[in-house]
Amino acid sequence: MKARVTEHLLSFVLVALVLICALFILKSRQDTARTASLSGIRDYTSLSFMDYDDPFQRALLRDVMDIYFPGSHDRNDSLVTAALRYRQEAFNRSVQTSDMREELSAAKAVQLFGMYLKFLFVYVLVMAISWYGVQTLAVWRFVAERREPIPGRRVRQYFLRALSIGASLVLFSPAYVIAYSVRTEFNTDTLFFMVLLGVVSNGLLMTYANKFHAFLTAESRKGYVETALAKNLRNTWDTRTGISLAAIVRPLKRFDGHVFNHIFMNARVQYFSTIKEQASFLITGLIIIEMALNIHGHFSYEMLRQLLYGNYDIVIAIILGIFFTVKATEMAADYLAHKEWLKYENH
Amino acid sequence: MRTTEKLFAQLRTHKDTRWLTVWVAGLLCIVLWDLAFLNRPAFMKIIQGFWNTMAIAFLVTLCTLLFAWVATNLLHTLTMRTMRVPYLTLSFALNLLRSVPQIVGVLLFYVLVASLVQKGSLSSSAAIAPFMAVGMGLFIFLELTDLMRERIDHFRRLDFYNAMRVCGVQEKRIVNFDILWKNSRVHILNKLIAVFGMAVFLQCSVDFIISVGLSNNVNAVNLPSTLGSLLAKIDSKQDILALGYTLTHPSYAAHLPFTHLLGLTVAFLIVFTLLCMHHIANGFAERHRL
């Protein structure tokens, strides 16, 4: 565990250093480019006493230049013209890109931090819901497979099968397909809708519920299950004497006295190892949702916007935030898995 | 007669074959429907978009296999030769890559591709597609590397590994031929099916995002048209929006498969392919008890 924490912290530091260096390099390049474009005319572009809009003062500047640098009228004239053109272009540029050009100032950093907190809130909420959803769906499917089919309910079974295929199509839809499908009737830019999309779209729930179900199935085939049955643990699957629906939907699942309790606990330990993968996939999903739906004022949408405007310093800061989130999740997942293993391996 | 019976029996028992058949049959139905009701230029766009998406996803799968095989061999060699520092450095670098969410990595790679396109270094779709596949493969291959390393670790604990070593069989032959090829081929293939699905998802998502959000900077005409970029077009978006309208005006549902065919076809192709790929991979794993 110590080695893992060290590795995580090292990568934290290394990536932060690399990205901060990239930030500085970017800034210094921008400064160099600005200086290069001003070479020769720097002294004449911002004379504090001069009104550049006044034609008289512009003519006066030319005359003063001729007095100070006699014998080089053409050069003086081209210098003043270049300085005036530079000022005009700078003004035009500032008007055209006033809503695009941004720098990583303190105010911007505070704004980004607010967005980051919002992103973290959604992420943690979706993670918690999907954690619950994955386990509940997998357990429900596992238990349902073991229940005796009720005879004479073929139509109901076909109906449920069709419903499940329909639900699968929704659960496997990318977030933008679902969002655009309901956009005319619902406001899809709300936090609630984002959380909902995060949970039900992009195949997140189905993929990991299937994984958890596979862990449950693999565990149920192991020898200790036979031993537990020989020791007379409960092994019925119906709702009254076996596993009730209330037990399946409970957030903290326990199936005391039933053999499934052991199957579930052992499968859950393995599920911990996939949490990192799930978290990374979830972050990918959230980024897709924010970017594809153009949800203004959100962290990932801001990254897309800044990428579009070429404000790479802000993009780097956002990437750093996302990287920290992933790393923090990885550390938490490693810690949880380690804690769980300690219970079973008696270290 | 017997062959047909065999085929039906296979479809009943093999979930992967069944879903593969469902996928192909579904695609054929869509093609026939579109041929009948969709205008020719739009139909050709869909065909091209679907073909490009599948081709790039296939290339991504190949790149993933190549990268994973190289990384596994490299890591294994470094472990066996007890070269601790290079091993730790490489593992550290790979873990760092793992911590970059795939979509961010792929998006940044696309920005790089776009700048190369703008500079004229990349011009044709034929050159861009493999480049995009390499970028996506870079952010996916670690899953396969993990699987390959697990398989090698598992077999190294068994007697046959030591027995082969004692018999003088070369280490790289044991790893590449006996473990990975002969004993893990099915596992790798199963992972590659999942990778293919993942590639389709990432490809469509990134293309959609780029077409919606970065279209000013990235000249979408130069990038190969895919299902994602087709879905981002205003016509397709209007078609998808019509679905929402149907929720409150159910009688409008009858118009959907005739008047909103472009967007619905593209969305359906994405969702249907993702669903089928998931079931094919699961069925394959169940059949081979992976």
Side-chain angles (χ1 to χ4, degrees), chain A residues 7-8 10-11 14-15 18 165 168-177 179-186 202-203 206-207 210 214 217-218 221 276-277 279-288 291-294 300-301 303-305 307-310 315 318-319 322-323 325-327 329-330, chain B residues 88 91-92 95-96 98-104 106-108 111 143 146 194 197-198 201-202 204-206 208-210 212-218 228 231-232 236-237 239-248 263 266-268 270-279 281-282 285-286 290:
Chain A
E7 193 192 326
H8 286 313
L10 207 66
S11 50
L14 186 84
V15 170
V18 168
I165 291 175
S168 297
L169 277 173
V170 173
L171 291 171
F172 270 98
S173 294
Y176 41 87
V177 174
Y180 275 97
S181 308
V182 295
R183 214 167 195 178
T184 47
E185 307 305 316
F186 305 101
N202 299 330
M206 283 290 278
T207 307
N210 270 332
T217 310
R221 287 179 189 147
K276 284 194 263 186
E277 198 188 302
S280 181
F281 190 57
L282 170 59
I283 290 179
T284 290
L286 289 181
I287 293 172
I288 289 172
M291 285 184 173
L293 301 186
N294 288 357
S300 310
Y301 176 72
M303 179 164 95
L304 187 70
R305 207 170 67 90
L307 210 58
L308 176 65
Y309 298 154
V315 173
I318 294 174
I319 290 176
I322 292 172
F323 179 77
T325 311
V326 178
K327 271 288 160 205
T329 311
E330 283 181 358
Chain B
L88 285 176
S91 314
F92 182 73
N95 283 338
L96 215 60
R98 198 193 302 273
S99 301
V100 179
Q102 288 163 332
I103 194 78
V104 175
V106 175
L107 195 67
L108 293 177
V111 173
E143 286 178 29
D146 290 343
M198 189 68 191
F201 172 70
L202 279 177
C204 291
S205 301
V206 172
F208 184 86
I209 289 170
I210 283 183
V212 168
L214 292 179
S215 52
N216 292 353
N217 262 19
V218 181
L231 192 67
S236 304
K237 278 201 270 191
D239 294 340
I240 303 295
L241 287 171
L243 271 178
Y245 181 74
T246 314
L247 288 177
T248 46
V266 174
F268 182 76
I270 296 173
V271 177
F272 185 59
T273 302
L274 290 176
L275 179 72
C276 290
M277 286 304 143
H278 173 81
H279 282 299
N282 268 357
E286 276 172 26
L290 303 180

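All values below come from the heavy atoms of this structure, side chains included, with hydrogens, waters and symmetry mates left out. So you know, we letter chains A, B, ... as the sequences are listed, proteins then strands, and number each from 1. All values reported here derive from a predicted model rather than from experimental measurement.
Contact count against chain A (heavy-atom pairs under 4.5 Å) is highest for B/Leu241 among B/Val104, B/Thr246, B/Leu241, B/Leu274. When each of A/Val170, A/Thr284, A/Val326 is checked for heavy-atom pairs under 4.5 Å with chain B, A/Thr284 comes out on top. By number of non-hydrogen pairs under 4.5 angstrom with chain B, the leading residue of A/Ile288, A/Asn202, A/Ile283 is A/Ile288. The greatest number of non-hydrogen atom pairs below 4.5 Å with chain A, out of B/Asn95, B/Leu231, B/Val266, B/Leu247, is found for B/Asn95. Put simply, of B/Ala281, B/Ala242, B/Gly244, the one with the most heavy-atom pairs under 4.5 Å next to chain A is B/Gly244. Contacts with chain A were tallied for B/His278, B/Arg98, B/Met198, B/Lys237; B/His278 has the most, counting heavy-atom pairs under 4.5 Å.
The shortest distance between side-chain heavy atoms of B/Ile103 and A/Met291 does not fall below 4.5 Å. Proximity of A/Ser280 to B/Val100: side-chain heavy atoms (C-beta onward) are nowhere separated by under 4.5 Å. Looking at A/Glu330 and B/Ser99, their side chains come closer than 4.5 Å, going by heavy atoms from C-beta outward. With a 4.5 Å cut-off on side-chain heavy atoms, A/Phe172 and B/Phe201 do not count as touching.
B/Leu88 does not touch chain A: none of its heavy atoms, backbone or side chain, sits under 4.5 Å away. Contact of B/Leu96 with chain A is made through backbone and side chain together, with heavy-atom distances under 4.5 Å. Using a 4.5 Å cut-off between heavy atoms, A/Val15 touches chain B through its side chain atoms alone. Using a 4.5 Å cut-off between heavy atoms, B/Leu275 touches chain A through backbone and side chain atoms alike. With a 4.5 Å cut-off on non-hydrogen atoms, A/Leu10 touches chain B through its backbone and its side chain both. With a 4.5 angstrom heavy-atom cutoff, A/Tyr301 does not touch chain B via any of its atoms.
One distance of note links OG of A/Ser173 with CZ of B/Phe268; it measures 10.5 Å at 0.5 Å rounding. Remark: A/Met206 CE to B/His279 NE2 distance equals 5.0 Å, nearest 0.5 Å.
The salt bridge (Lys or Arg N to Asp or Glu O under 4.0 Å) test applied to B/Asp239 returns no partner, not counting sequence neighbours. Residues satisfying the side-chain hydrogen bond (donor to acceptor under 3.5 Å, both in side chains) criterion with B/Ser205, sequence neighbours excluded, are A/Tyr176.
Here the shortest heavy-atom pairing between A/Met303 and B/Leu107 reads CE-CD2, 4.4 Å. Nearest heavy-atom pair across B/Phe92 and A/Leu14 is CE2-CD2, 3.3 Å. Minimum heavy-atom separation, B/Val271 to A/Leu169: CG1-O, 3.2 Å. Of all heavy-atom pairs between A/Val177 and B/Ala267, the closest is CG1-CB, 4.1 Å.
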